[in-house]
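One structure below.
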Amino acid sequence: QVQLVESGGGLVQPGDSLRLSCAASGSIFSIQAMGWYRQAPGKQRELVAITTADGGTNYADSLKGRFTISRDNTKNTVYLQMDSLKPEDTAVYYCYHRILTYRDYAPRDYWGQGTQVTVSS
């Protein structure tokens, strides 16, 4: 079994910063990728950023320069630093891990429970 636990969401004002974190625990052999998606009310879930085991990163074009993804492999944790937040960043943010477990070493996608980020004055 694998669990992802997110933290760091909340209510902030436009221009503020926020840092999300997501830690994976359980029977983990390796993690191929970690990342963040978000879903605003009435919209589809969209990619925010993703980082792969080889250190590569990919961001949504509209978020480059304001959001930074990082990872701590020793803690199976991914972070999302969000700067210069805008009201349109308001959404539920979900973390994502692609993990190989000791059960069968097959890659599977795991999702966090979601954390609300609200940007409002």
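None of the values given here were measured: they were computed from a predicted structure.
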Problem set entry | Single-linkage hydrophobic cluster Y94~L20, side-chain heavy atoms < 4.5 angstrom | no

Problem set entry | Value rounded to 0.5 Å, distance of SG in C95 from CD1 in I50 | 11.5 Å

Exercise. Between the side chain of T90 and the main-chain N/O of V119, is any donor-acceptor distance below 3.5 Å?
Worked result: yes

For this session: Carefully, step by step, assess K86 and R66 under the rule side-chain contact (heavy atoms from CB on, under 4.5 Å).
Result: CA-CA 10 Å; K86 304 175 180 180; R66 292 195 301 120; 3.8 Å; yes

Problem set entry | hydrophobic_cluster_shared for I31 and V2, side chain cutoff 4.5 Å | yes

Problem set entry | Partner of L18 under side-chain contact (heavy atoms from CB on, under 4.5 Å), chosen from L11, D83, V117 | V117

For this session: Taking the side chain as every heavy atom from C-beta outward, state whether Q32 and T52 have any atom pair closer than 4.5 Å.
Result: no

Exercise. L100 versus F29: any side-chain heavy-atom pair under 4.5 Å?
Worked result: yes

Exercise. How far does OG of S17 sit from CD of Q81, to the nearest 0.5 angstrom?
Worked result: 5.5 Å

Problem set entry | Stepwise side-chain contact (heavy atoms from CB on, under 4.5 Å) test for Q113 and E6 | CA-CA 7 Å; Q113 78 279 12; E6 299 182 33; 3.8 Å; yes

Exercise. Can you name the nearest heavy-atom pair linking P14 to S121, along with the distance?
Worked result: CD-N, 3.7 Å

For this session: Could you give me the CA-CA distance, side-chain angles and deciding distance for S21 and S7, then say whether side chain to side chain donor-acceptor pair (under 3.5 Å) is met?
Result: CA-CA 5 Å; S21 64; S7 62; 2.7 Å; yes

Exercise. Looking at V92 and G114, what are the two nearest heavy atoms and their distance?
Worked result: CG1-CA, 3.8 Å

Exercise. How long is the span from the CZ atom in R38 to the CG atom in L80, to the nearest 0.5 Å?
Worked result: 9.5 Å

Exercise. What's the verdict on side-chain contact (heavy atoms from CB on, under 4.5 Å) for L47 and N58, showing C-alpha distance, side-chain angles and the deciding distance?
Worked result: CA-CA 9 Å; L47 171 71; N58 187 36; 3.8 Å; yes

Exercise. Mind checking whether M82 and V12 sit in one hydrophobic cluster, side chains of I, L, V, M, F, W, Y counted as touching below 4.5 Å?
Worked result: yes

Exercise. Under a 4.5 Å side-chain heavy-atom rule over Ile, Leu, Val, Met, Phe, Trp and Tyr, are Y37 and I69 clustered together?
Worked result: no

Exercise. Would you say I28 and V78 are hydrophobically clustered, going by side-chain heavy atoms of ILVMFWY under 4.5 Å?
Worked result: yes

Exercise. Going by the angle between their ring planes, with limits at 30° and 60°, are W111 and Y96 parallel, tilted or perpendicular?
Worked result: tilted

Exercise. Which class fits the ring pair Y93 and F67: parallel under 30°, tilted 30 to 60°, perpendicular over 60°?
Worked result: tilted

Problem set entry | Interatomic distance, Y79 atom OH to T68 atom OG1 [nearest 0.5 angstrom] | 14.5 Å

Exercise. Can you check whether T51's main-chain N or O pairs, donor with acceptor, with T57's side chain at less than 3.5 Å?
Worked result: no

Exercise. More than 12 non-hydrogen atoms from neighbouring residues, nucleotides or ligands closer than 6.0 Å to CD on E88, yes or no?
Worked result: yes

Exercise. Do the side-chain N and O atoms of T77 and D72 include a donor-acceptor pair separated by under 3.5 angstrom?
Worked result: no

Problem set entry | M34 vs N76, side-chain contact (heavy atoms from CB on, under 4.5 Å): CA-CA, chis, key distance, verdict | CA-CA 9 Å; M34 296 189 279; N76 294 330; 5.7 Å; no

Seminar exercise, completed: Closest heavy-atom pair, R71 versus A53, reported as atoms and distance to 0.1 Å, is NH1-N, 3.5 Å

For this session: Any chance you could measure T115, atom OG1, to W36, atom CH2, to the nearest 0.5 Å?
Result: 7.5 Å

Seminar exercise, completed: CD1 of I99 to CZ of R108, rounded to nearest 0.5 Å, is 11.0 Å

For this session: Verify the neighbour count for atom NZ of K75: are there more than 12 heavy atoms of other residues, nucleotides or ligands below 6.0 Å?
Result: no

Problem set entry | R98/D109 under salt bridge (charged side-chain N to carboxylate O under 4.0 Å, His left out): CA gap, chis, key distance, verdict | CA-CA 5 Å; R98 175 160 289 183; D109 295 338; 2.7 Å; yes

